[in-house]
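No experiment lies behind these values; they were computed from the predicted model shown.
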Amino acid sequence: MRIDVISAVVKLLESPLNESILKRAQDKKIAEIVIHDLRDYAAGKYRHVDDKPFGGGAGMVLKPEPFFKCLEKLMSERKYDEVIYLTPQGTKFTQKKANRLSLSKNLLFICGHYKGIDQRVIDKFVTREISIGDYVITGGEAAAVVVIDAIVRLLPGVLGDSESALTDSFQTEAGFDAPVYTRPAEFEGLKVPGVLLEGNHKEIAGWRAGQGQKKYKKVKKIRSLK
Ligand code: ADE
């Protein structure tokens with residue numbers, strides 16, 4: 001899969017997109033993630049990418065020209081399955097959407113910053129607006145990292161144990177992962193559940209399913225109360 005990300009603050013993307021699982025996916029050539037600095041497409045000596053909003057109001061708006069230049073170049077090079085704009089006004093991101101997007105060949109992400117981006121960029125290029133939750137963060141970069149991570153970890157061969165993505169929380173019928181423990185079996189008087197130490201795989205699987213379901217029901221109840 002090829003993933004392009006356009007941003008005015010690339011430092012917010014560089015480290016998180018090049019560590020851990022995302023780094024491994026790229027090293028293994030399963031995913032290619034390319035970050036594009038909006039400033040490289042800005043005109044003039046100062047390479048301004050933002051300007052005051054028409055009609056007044058607080059904050060700055062990302063200008064259309066650098067986006068158009070960058071997007072037109074990228075779209076002339078390949079066909080994108082989706083052009084995604086990260087915004088709190090988008091549809092809520094879920095595991096189901098991650099699963100669907102993980103079947104794509106080429107994805108393009110646009111990160112807004114400051115007050116937002118000129119609407120003409122959205123109208124002309126964007127095919128899907130995604131929100132990571134009902135709250136506002138400073139820019140789309142952190143949201144893009146969340147969405148890209150959720151997608152890339154699903155690509156075949158990225159995770160060492162091919163089972164693990166399938167048993168992730170939200171991916172199973174049972175709902176959530178069971179709690180996990182490692183050595184020591186007892187630490188400051190806190191004990192690991194005995195069933196995990198006894199080596200009976202059938203019993204362990206049953207215990208895990210039960211714990212996952214219990215956690216799922218508890219979280220669902222808490223969420224429905226809010
Ligand atoms: N940009 C700012 N807040 C956001 C959110 N909640 N989801 C996606 N992009 C955003």
Side-chain angles (χ1 to χ4, degrees), residues 1 3 5 12-31 33 84 86 88 90-104 107 109 130-138 140-226:
M1 177 186 283
I3 297 174
V5 196
L12 292 173
L13 295 167
E14 280 164 353
S15 165
L17 291 180
N18 288 295
E19 295 291 340
S20 185
I21 295 286
L22 294 176
K23 177 178 189 300
R24 197 201 298 167
Q26 291 174 88
D27 290 346
K28 286 181 160 181
K29 310 255 181 278
I30 297 168
I33 305 176
I84 297 163
L86 286 316
T91 53
K92 202 96 55 82
F93 189 59
T94 58
Q95 187 65 50
K96 209 166 159 185
K97 286 198 185 112
N99 292 348
R100 201 171 314 139
L101 288 169
S102 75
L103 304 174
S104 310
L107 291 174
F109 289 86
I130 290 180
S131 163
I132 57 162
D134 290 340
Y135 43 81
V136 177
I137 54 175
T138 309
E141 286 80 5
V145 170
V146 167
V147 174
I148 292 168
D149 187 303
I151 293 169
V152 170
R153 68 197 311 288
L154 295 172
L155 300 178
V158 169
L159 298 182
D161 172 0
S162 64
E163 281 286 281
S164 33
L166 295 175
T167 58
D168 277 349
S169 292
F170 297 105
Q171 202 66 278
T172 61
E173 286 286 306
F176 284 17
D177 280 347
V180 290
Y181 299 87
T182 186
R183 282 182 283 192
E186 186 174 341
F187 176 67
E188 295 193 354
L190 304 168
K191 288 183 184 155
V192 171
V195 61
L196 297 176
L197 309 174
E198 285 153 15
N200 182 332
H201 295 296
K202 211 169 152 194
E203 276 197 20
I204 291 172
W207 179 85
R208 283 185 171 149
Q211 290 289 312
Q213 254 161 10
K214 215 160 109 185
K215 207 154 128 192
Y216 187 63
K217 278 188 193 144
K218 195 169 150 195
V219 172
K220 242 183 152 173
K221 200 168 156 195
I222 293 168
R223 284 183 186 170
S224 70
L225 292 175
K226 293 208 170 133

- Query: Can you check side-chain contact (heavy atoms from CB on, under 4.5 Å) on V195 and N200, steps first, answer last?
  - Reply: CA-CA 8 Å; V195 61; N200 182 332; over 6 Å; no
- Any residue meeting side chain to side chain donor-acceptor pair (under 3.5 Å) with R24, in chain and number order, not counting sequence neighbours: none
- Could you tell me which residues satisfy side chain to side chain donor-acceptor pair (under 3.5 Å) with E203, sequence neighbours excluded, listed by chain and number? none
- Item | Qualifying side-chain hydrogen bond (donor to acceptor under 3.5 Å, both in side chains) pairs with a residue from residues 140-153, counting only residues at least two apart or across chains | S7-E141, H113-E141, R153-D168
- Task: Mind checking salt bridge (Lys or Arg N to Asp or Glu O under 4.0 Å) for K23 and listing every partner two or more places apart, or none if nothing turns up?
- Result: D27
- Residues in salt bridge (Lys or Arg N to Asp or Glu O under 4.0 Å) contact with K218, at least two apart in sequence or another chain: none
Sequence neighbours left out, what passes side chain to side chain contact (heavy atoms under 4.5 Å, CB included) with [X]? Give chain and number order.
X   : answer
P16 : V145
Q95 : A98, N99, L154, F170, Q171
K96 : T94, R100
T91 : K97

- Query: Using 4.0 Å as the upper bound for N to carboxylate O, is an ion pair formed by D177 and K215?
  - Reply: no
Heavy atoms only: give me the nearest [X]-[Y] pair and the separation to one decimal.
X    : Y    : answer
I132 : F93  : CA-CB, 4.5 Å
S102 : I151 : CA-CG2, 3.7 Å
S131 : G90  : CB-O, 3.6 Å
A31  : V152 : CB-CG1, 4.2 Å

Just how far is it from atom [atom1] of [X] to atom [atom2] of [Y], taken to the nearest 0.5 Å?
X    : Y    : atom1 : atom2 : value
Q213 : K220 : CD    : NZ    : 11.0 Å
I33  : I3   : CD1   : CD1   : 5.0 Å
L12  : I137 : CG    : CD1   : 9.5 Å
E19  : E14  : CD    : CD    : 11.5 Å
I30  : L159 : CD1   : CG    : 9.0 Å

- Message: If you define the side chain from C-beta out and look only at heavy atoms, does anything of E198 sit under 4.5 Å from I204?
- Response: no
- Message: Determine whether L86 and V146 satisfy the following criterion, side-chain contact (heavy atoms from CB on, under 4.5 Å), listing intermediate values before the conclusion.
- Response: CA-CA 11 Å; L86 286 316; V146 167; over 6 Å; no
- For L101 and L107, run side-chain contact (heavy atoms from CB on, under 4.5 Å): C-alpha distance rounded to whole Å, both residues' side-chain angles, the deciding distance at 0.1 Å, then the answer. CA-CA 8 Å; L101 288 169; L107 291 174; 4.1 Å; yes
- Message: With a 6.0 Å cut-off (strictly less than), is the heavy-atom count around NZ of K28, excluding the residue itself, greater than 12?
- Response: yes
Identify all side-chain donor-acceptor contacts of residues 183-194 below 3.5 Å with residues at least two apart in sequence or on another chain.
none

- Y181 vs W207 aromatic rings, parallel, tilted or perpendicular, using cut-offs 30° and 60°? tilted
